[in-house]
Amino acid sequence: MIELKNVSKIYHTETIETTAINDISLKINKGDFLSITGPSGSGKSTLLNLIGLLDSPTSGDIIVNKENIKGLKDKKLSKLRNKTIGFIFQSYHLIDDLNVIENVELPLIYRKISKKKRKEMAELALEKVGLTNRKKHFPRQLSGGQKQRVAIARAIVGNPAIILADEPTGNLDSKMGDKIMGLLIKLNKIYKTTIILVTHNLSLTTRIERNIIIKDGNLIN
Amino acid sequence: MLINYFKLAISSIFSNKTYSAIVFFGITFTFIIIIILTSIYAQLFGNVYPESKNGKPLYLTEVIEKNTKTGYTKIGGASLSFSENLKKNMKTPKMISIISKGKSINFYVNEKKIPTIIKFTDANFWKSTSFKFKKGRPYNESDFQANSKVIIITDKFEKSYFGGENGLGKKIKMVGIEYKVIGIVKSASSFKEILYSNIYIPNLDNKNNTFNSLVGDYRCIFIVDSNNKLPILKQEYFDIINTKNNISNNKLEVLSNLDTVLESYTRNLFGNTYNNGLTKFYPILALAIIIFLFLPAINLINLILARTSERNIEIAVRKSFGASSKQILSQFIFENIVINIIGLLISIILSLIIIKILDFLFFENINLSINGFVLFVILIISLFFAIITGLIPARKLSKINPIEILQNN
C-alpha cells in the first residue's frame with residue numbers, strides 16, 4: 001500500500017550536511033499496525049514527514065498505491081495525502097473555533113462531498129470513538145482524552161489507507177493513554193485500519209506486533 | 001467549504017477584539033473617505049438630480065474669442081444672441097435650453113440676511129432638466145413671451161424666506177419688481193453649478209451683449225436622445241464654431257466646445273480646446289486612488305502578518321489533512337474579503353451619518369448621496385483592497401511546514 005524504496009533525506013545548511021534518513025526501505029501493507037520508535041533526533045519526525053507525504057525524499061522512491069509520488073505537484077500531493085493519510089498528534093491540534101463535528105469533518109471539506117454526507121460520515125467516526133454525545137461541544141469543553149478521541153475520529157473519518165499517530169498518548173495520563181491505545185488497536189482489529197505509531201515510549205510497543213526502531217537515520221529491526 | 005471559512009472569519013474577529021477593532025478602524029476610515037469622495041464625484045459629474053432623465057445632456061459653458069492680430073482675448077459663457085442662434089439652427093439636439101450664470105443678491109427677512117443666487121432661464125429649462133416640483137408648476141413659453149413676473153423658488157429658499165409658511169402664490173420683491181411664486185422645486189445640489197440656483201426667473205436679458213460678441217453670460221444645455229448622438233452633436237457644434245472662424249477675416253479665432261460636466265473640468269485642468277483632457281485625467285485619478293490606498297494597505301498587511309502566528313497551527317492541521325497551498329491561500333483571501341465587506345457595511349452606515357451632518361452644516365444643500373454608482377465603485381475598490389491585503393499574508397501562511405509547526409507546539 002505504501003512502500004519506501006532506498007529513501008534518504010539529507011538536509012543542507014551552509015556548513016553542514018545532515019543525513020536525517022539513510023537509505024531506508026520499508027513496506028506497509030493494509031491492516032498493518034506497526035510502531036516506529038527511537039530516541040530524539042533519530043529521524044523519526046523526518047520519516048513521519050515522508051510517510052505522511054508532507055516532504056519529499058532527497059533520493060529513493062515513495063510509492064503510494066502503486067503511484068510514485070516523485071515530482072507530484074502540490075495540488076495532486078495534497079489530494080493524495082487527503083485520501084491516504086490521517087494524522088493523530090500528541091497535542092491533538094483541534095481547531096478551537098470549530099465544534100467537535102466540524103473538526104471531524106475537516107478532511108472531508110477538501111473532497112467534493114455534500115454537507116449531508118459529511119455529517120453522516122463524521123457522526124459515524126464519532127460513534128467509532130464513542131463521542132457522539134459531544135458533537136456540538138467545542139474543544140475547550142473537552143478533557144484531554146476526549147480531545148484525542150476527536151482527533152482519532154478526524155483521522156479516520158475519510159477512511160484513509162494509513163493512520164499516522166505521532167505520540168498519541170504523550171499528553172495523557174497512563175490510564176487514559178491505555179484507553180487510547182486500546183481504541184487504536186480496536187480500530188486496527190475491527191476495521192482493518194492501517195496504523196503507524198511513532199513514539200519513544202517503548203512500553204506502548206509491547207501491544208504491537210511489528211516494531212521498527214530507528215537510530216541515526218537507519219532502521220534497526 | 002465557504003460557510004466553514006465564513007464561520008472562521010467571524011470567530012477570528014471575535015477571538016481578538018483589540019486587533020479586530022484596529023483592523024476595522026483602518027478599513028472603515030479608508031472606505032469612508034473613498035465613499036465621501038466618490039459621492040462628491042458622482043454629484044459633480046454624474047447624471048444625477050436635477051439633470052435630464054429623458055436624454056443625455058451636453059453643456060456649453062465657455063466661449064473664447066481671441067483676436068489673432070492684437071492678442072486680445074475674451075473668455076466667458078455664450079452671448080444671448082449666439083445661444084439663441086444655436087437654439088434656432090442646430091439640428092442634432094432634441095432640445096436646447098438657455099440659462100444665465102448665477103447672480104448673487106441678498107434678502108433681509110426679520111433682520112436676517114439670506115444670501116441668494118438667482119438665474120434667468122428660458123421655458124425649455126424645465127423640460128431639459130428633471131426638477132421635481134413640490135408645489136405649483138414650471139413657467140411655460142406663454143409666461144416667457146408675456147414677460148410674466150413669475151418665479152420658481154427652491155424648497156430650501158422657501159423655508160428660509162417664508163419661515164415654514166407656504167410660499168406658493170406669494171410675492172417676492174427684487175430690484176423694485178414684485179414676482180409671484182408659481183412653483184417650488186426640490187433644490188439642486190450646489191455642486192451642480194450650472195443648474196443650481198435659489199430663484200429661477202423666466203427672462204433672458206440681452207443688455208450686456210455689445211459689439212455682437214459670441215462671449216456673454218449664458219450657458220446652454222443641449223439634450224440628445226442617446227449617447228450615440230453625443231459625438232454627432234459635438235461635431236455639429238464644432239462645424240458651427242469653424243464657420244464663425246471663417247467669416248471673421250482670420251482676425252478673430254473662436255474656441256469653444258460642448259462638454260459633459262466632467263469634460264468641462266478636465267478640459268480646463270488637463271486639456272485644451274482640441275483635447276478634453278480625459279485621457280490624462282483617468283490615469284491620474286487611478287494613480288491617486290492607488291497612492292491613497294497604499295498606506296492603509298501596508299498597515300493592514302502588517303497587522304494580519306503579526307497575527308498569522310496564531311493561525312499557524314490551524315493551517316498546519318489543514319495542510320496535513322489535505323488542504324493544498326492554493327486552498328489555504330483562497331481561505332485567507334476569502335476571510336479577508338469577509339472582514340472587508342463587514343468593514344464596508346460599517347463604512348456605508350457611518351458615511352450616511354457623515355453625509356447627513358455635512359448637509360446640516362452647509363445650508364447650500366450639497367445633496368450628497370450613496371447611489372448605485374458610489375456603491376459600485378466602493379465595492380470594486382474594497383474587493384481590490386481585500387485581495388491585495390489578503391494575498392501577501394496568505395502566501396506566507398500557505399508555505400508553512402505543517403509537521404515542524406505541529407511538533408513544536
Exercise for review: Answer yes or no: are there more than 12 heavy-atom neighbours, outside B:Phe270 itself, under 6.0 Å from its atom CZ?
Suggested key: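 Yes - once you tally the heavy atoms of other residues, nucleotides and ligands closer than 6.0 Å, there are more than 12.
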
Check your understanding: Taking everything shown except A:Tyr11 itself, do over 12 heavy atoms lie less than 6.0 Å from its OH?
Key ->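 More than 12 heavy atoms, drawn from other residues, nucleotides or ligands, come within 6.0 Å of this atom.
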
Under 4.5 Å from a heavy atom of chain B, the part of [X] involved:
{"X": "A:Phe89", "result": "side chain"}
{"X": "A:Leu77", "result": "neither"}
{"X": "A:Asp55", "result": "neither"}
{"X": "A:Leu53", "result": "neither"}

Practice item. For chain B, find its close neighbours in residues 58-76 of chain A: heavy-atom separation under 4.5 Å, sorted by number, or none. Key: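 Only A:Asp74, A:Lys75 of residues 58-76 of chain A have a heavy atom under 4.5 Å from chain B.
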
Exercise for review: Give the minimum heavy-atom separation between A:His93 and B:Val317, together with the two atoms involved.
Suggested key: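 Closest approach of A:His93 to B:Val317: O-CG2, 3.3 Å.
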
Practice item. Specify the closest pair of heavy atoms between B:Phe321 and A:Ala155, including all atoms of both residues, with the distance to one decimal. Key: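 What the structure gives for the nearest pair is CE2-CA, 4.0 Å.
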
Review point. Measuring from B:Ile315:CD1 to A:Ile95:CD1, what's the distance to the nearest 0.5 Å?
Key: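 The CD1 atom of B:Ile315 sits 8.0 Å away from the CD1 atom of A:Ile95.
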
**Study point:** Spacing of A:Asn82 atom CG and B:Ser320 atom OG [to the nearest 0.5 Å]
**Key:**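 With rounding to 0.5 Å, CG (A:Asn82) is 10.5 Å from OG (B:Ser320).
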
**Study point:** Under 3.5 Å: donor-acceptor pair, side chain of A:Arg81, backbone of B:Ser324
**Key:**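 Not a single qualifying donor-acceptor pair exists.
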
Exercise for review: May I ask you to name which of B:Glu314, B:Arg318, B:Lys319 has the most heavy-atom pairs under 4.5 Å with chain A?
Suggested key: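 Counting heavy-atom pairs under 4.5 Å, the top option is B:Arg318.
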
